[in-house]
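In this text, all values refer to a predicted model and were calculated from it rather than measured experimentally. The first residue in the sequence is number 1, and the count goes up from there.
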Amino acid sequence: SHGPHYNAAMTDRPALQPVDYARMAVDVASEGQASDIVMLDISGCSDFTDYFVILSVESSRQMRSIVDELEGTLERAGARLHHREGSPQGGWRLLDFGDVIIHVFGVEERDYYRIEEAWPEAAEVVRIQ
């Protein structure tokens, strides 16, 4: 019978919240020497996600290594990658973890897309130049 102990193994480790995954992404980006890292809480103005993490990289090589590190770190922590878009050659990657969406831009592409300006109501939680 599935009594109260059925989920004991699950509850040993507290489930992470979207904000935890978003902060984890900020840490990975920071350790990977990304620049202009921004974490936005868009839960109040979006019905498809809670957090954007936006960062800039200097090269397609740096983009590849940071994207690998982001995917690996968040998935090991229990996040599920729904899909990815873009390519290092195109200067832009999007990693969709459901409640957290990570945007990785080359510096020029970041200036071009100006994604933060599309979400003026978003609350800036973290900004690391």
Side-chain angles (χ1 to χ4, degrees):
S1 74
H2 295 319
H5 302 299
Y6 180 59
N7 280 328
M10 303 276 296
T11 53
D12 283 350
R13 212 174 55 165
L16 293 177
Q17 300 299 310
V19 66
D20 300 315
Y21 291 121
R23 289 187 179 278
M24 199 175 284
V26 167
D27 290 343
V28 168
S30 178
E31 284 164 26
Q33 310 291 302
S35 59
D36 199 12
I37 305 163
V38 180
M39 175 179 159
L40 298 179
D41 179 346
I42 62 167
S43 59
C45 48
S46 152
D47 52 10
F48 63 88
T49 192
D50 290 339
Y51 294 95
F52 275 172
V53 176
I54 308 161
L55 53 128
S56 299
V57 295
E58 297 294 327
S59 66
S60 56
R61 196 172 133 224
Q62 185 188 19
M63 182 175 292
R64 268 191 289 272
S65 72
I66 282 185
V67 164
D68 287 349
E69 195 60 38
L70 285 165
E71 291 182 3
T73 301
L74 269 70
E75 287 184 328
R76 281 192 298 276
R80 219 183 64 158
L81 181 65
H82 294 278
H83 76 278
R84 56 173 83 82
E85 293 171 26
S87 72
Q89 296 73 30
W92 168 77
R93 295 301 308 263
L94 178 148
L95 305 176
D96 176 0
F97 286 95
D99 294 328
V100 178
I101 293 179
I102 306 170
H103 301 266
V104 185
F105 286 107
V107 175
E108 284 144 38
E109 289 78 11
R110 176 78 173 266
D111 285 344
Y112 177 78
Y113 285 105
R114 299 187 176 282
I115 188 165
E116 294 101 313
E117 292 174 18
W119 297 91
E121 325 85 279
E124 193 174 287
V125 184
V126 177
R127 180 180 287 270
I128 302 171
Q129 299 297 337

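- A single hydrophobic cluster is not seen to contain both Ile128 and Ile115; linkage of ILVMFWY side chains at heavy-atom distances under 4.5 Å, directly or through other members, places them apart.
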Show the numbers, then the answer: is there a ring pair (Phe, Tyr, Trp, His ring centres under 6.0 Å) between Phe105 and Tyr113? CA-CA 9 Å; Phe105 286 107; Tyr113 285 105; 5.6 Å; yes
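- Scanning all heavy atoms of the two residues, the minimum distance from Ala77 to Tyr21 falls at O-OH, 3.1 Å.
- Here Asp99 contributes atom CG and Thr49 contributes atom OG1; the two are 6.0 Å apart, rounded to the nearest 0.5 Å.
- Annotation: the span from Leu94 atom CG to Ile101 atom CD1 amounts to 5.5 Å, rounded to 0.5 Å.
- The aromatic rings of Phe52 and Trp119 lie perpendicular to each other, with more than 60° between the two planes, well past the 30° mark.
- A continuous path of hydrophobic side-chain contacts links Val26 to Val100 [ILVMFWY only; heavy atoms under 4.5 Å].
- Note: Glu116 CD to Glu124 CD = 7.5 Å, rounded to the nearest 0.5 Å.
- Checking Gln62, Arg110, Glu108 one by one against Ser56, the side chain to side chain contact (heavy atoms under 4.5 Å, CB included) holds for a single residue, Arg110.
- Between Trp92 and Met63, the shortest heavy-atom contact is N-CE, 3.7 Å.
- The environment of CD in Glu85 is crowded: more than 12 heavy-atom neighbours from other residues, nucleotides or ligands sit within 6.0 Å.
- Side-chain polar atoms of His82 and Asp96 form no donor-acceptor pair below 3.5 angstrom.
- In this structure, CZ in Arg64 is found 8.0 Å from OG in Ser59, a value given to the nearest 0.5 Å.
- Taking each heavy atom of Cys45 and Glu121 in turn, the nearest pair found is CB-OE2, 3.4 Å.
- Between Leu81 and Glu75, the closest side-chain pair of non-hydrogen atoms falls below 4.5 Å.
- Hydrophobic clustering (side-chain heavy atoms under 4.5 Å, transitive across Ile, Leu, Val, Met, Phe, Trp, Tyr) keeps Val126 apart from Ile54.
- Put simply, Ile42 and Met39 are part of two different groups of oily side chains (I, L, V, M, F, W, Y) that touch within less than 4.5 Å, one to the next.
- Not counting sequence neighbours, Tyr51 has no partner by the ring-ring contact (aromatic ring centres under 6.0 Å, His included) test.
- Here the straight-line distance linking atom CG of Leu95 with atom CD1 of Ile102 works out to 5.0 Å at 0.5 Å rounding.
- Scanning all heavy atoms of the two residues, the minimum distance from Pro18 to Asp50 falls at CG-OD2, 3.8 Å.
- Minimum interatomic distance between Glu58 and Ser35 (heavy atoms only, all atoms of both residues): OE2-OG, 4.4 Å.
- Looking at every heavy atom in both residues, Val53 comes nearest to Ala22 through CG2-O, 3.7 Å.
- Of the options Asp68, Val28, Asp27, a side chain to side chain contact (heavy atoms under 4.5 Å, CB included) to Thr73 is made by Val28 and by none of the others.
- Each of Leu74 and Leu40 belongs to its own hydrophobic cluster when Ile, Leu, Val, Met, Phe, Trp and Tyr are linked at side-chain heavy-atom distances under 4.5 angstrom.
- In this structure Arg61 satisfies the salt bridge (charged side-chain N to carboxylate O under 4.0 Å, His left out) test with no other residue, sequence neighbours excluded.
- Summarising the geometry, atom CG belonging to Leu16 is positioned 13.0 Å from atom CZ belonging to Arg23; distances are rounded to the nearest 0.5 Å.
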